[in-house]
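Working notes, structure below.
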Amino acid sequence: MGPRIRLFLPLIIFAALALLLFRGLALDPRELPSALIDRPLPQFTLPALGREQPLSRDDITGRVALLNVWATWCVSCRVEHPYLQQLAAQGVPIYGVNYKDDDAAALRWLSELGDPYVANIVDRQGSLGLDLGVYGAPETYLVDAAGVIRYRHVGVVDARVWESLLQPLYRELLSGDEG
Amino acid sequence: MAMRAVCAGLFTLLLASAQVWAVIETYEFSSPELEQRYRALSTELRCPKCQNQNIADSNAPISRDLRKLLHRQLEAGASDEQIRDYMVARYGEFVRYRPRFGGATAILWLAPLLLLVAAGAVAFLSLRSRRGRSHAGGLSEAEQQRLRDLLREREGER
């Protein structure tokens, strides 16, 4: 090692470290990779919100759909709700998982704010949430026609998230489904 | 004075309430051995929501659920390995403070060893070059002779 390069060694190490840490700034540590990506949706049989018939895995699979974990105690869910209604109006099927919530409060929420969901699974104990690896609401899963989880988004789904992350995959899955 | 007493009273109350908040639910175990394993596992599993706490320390709802689950699984006779696998299947390798070796976690396990080897190599090289330099810095036989001559010359001048 020449004396000249040795002189610059601290600077090189500093630059490498700075680059590494700078990249770290742009990463979101809360974004955990889901352990369930490309795995089938877990089996369940749970009551449906406001209906007699319980829901099971087979009732909500068969077409590409979103599975949205929400609750009335979740503040971000209220922020997310109007956008979910837009998506539903565009024809995107959304199934809800009413996570550790009170049925009456959930029904009131839907009648007051509108109901974007095809159906809602009542997960009062959080057992389905546990099987899905949910650690907080809202979370949204993209499930393909075969019932395989393709994507998981933690946090609010808004126009930016939908257009940049979910929609491209959703379209791809839809076209793959038809073809 | 009365104001001060009221303030002190309120402050004490505040401290007391902080302690009430810190209470985390307790579980009954059928054997002390299970309780031991519960403690070990709950400090080894990481809270998925709060990230830098284990589930034993965290008061997040998800940690409460995971502790409840842990208790239930232990009482049902699951092994440590089964419980870890169950958690990893749902929350990924992230939930373990002691991740399995392999893939992305290899760097975590190997980095200390690599750093030690690198530091050892640097120390070895710099020590060796220092010793080499001190040899090179010494005078050769001809130079020593010249030095002696110069010194003798100066002696003669006096």
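Proteins come first, then strands; the chains are lettered A, B, ... in the order of their sequence lines, and each starts at number 1. All figures in this text were calculated on a predicted structure; none of them were measured in a lab. Side chains included, hydrogens not; waters and symmetry mates left out as well; all remaining heavy atoms used.
- With a 4.5 angstrom heavy-atom cutoff, B:Val88 touches chain A only via backbone atoms.
- Within the model, atoms CZ of A:Arg6 and OG of B:Ser129 stand 5.5 Å from one another, a figure rounded to the nearest 0.5 Å.
- B:Ile107 CD1: 12 or fewer foreign heavy atoms inside a 6.0 Å radius.
- For A:Phe8, the CZ atom sits in a loose shell: 12 or fewer heavy atoms of surrounding residues, nucleotides or ligands are nearer than 6.0 Å.
- Here the OH atom belonging to A:Tyr135 is positioned 11.0 Å from the SG atom belonging to B:Cys50, to the nearest 0.5 angstrom.
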Donor-acceptor contacts, no H, no angles, side chain residues 112-119 of chain A, under 3.5 Å, sequence neighbours left out:
unit_1   : atom_1 : unit_2   : atom_2 : d
A:Asp115 : OD1    : A:Tyr117 : N      : 2.9
A:Tyr117 : OH     : A:Asn68  : OD1    : 2.8

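- Evaluation of the ring-ring contact (aromatic ring centres under 6.0 Å, His included) rule for A:Trp109 yields A:Trp70, A:His81 as partners, not counting sequence neighbours.
- Atom CD of B:Gln36 sits in a sparse spot, with 12 or fewer heavy atoms from other residues, nucleotides or ligands closer than 6.0 Å.
- A donor-acceptor contact shorter than 3.5 Å links the side chain of B:Tyr91 to the backbone of A:Val134.
- By the 6.0 Å contact criterion, CD on A:Gln53 is open, its count of non-hydrogen atoms from other residues, nucleotides or ligands being 12 or less.
- Summarising the geometry, atom CG belonging to B:Asp65 is positioned 9.0 Å from atom CD belonging to A:Gln125; distances are rounded to the nearest 0.5 Å.
- We find the CE-CG distance between B:Met87 and A:Leu130 to be 7.0 Å, quoted to the nearest 0.5 Å.
- With a 4.5 Å cut-off on side-chain heavy atoms, A:Asp131 and B:Arg90 count as touching.
- For a residue to count as touching a neighbouring chain, one of its non-hydrogen atoms must lie under 4.5 Å from one of that chain's; by this rule B:Leu69 touches chain A with the side chain only.
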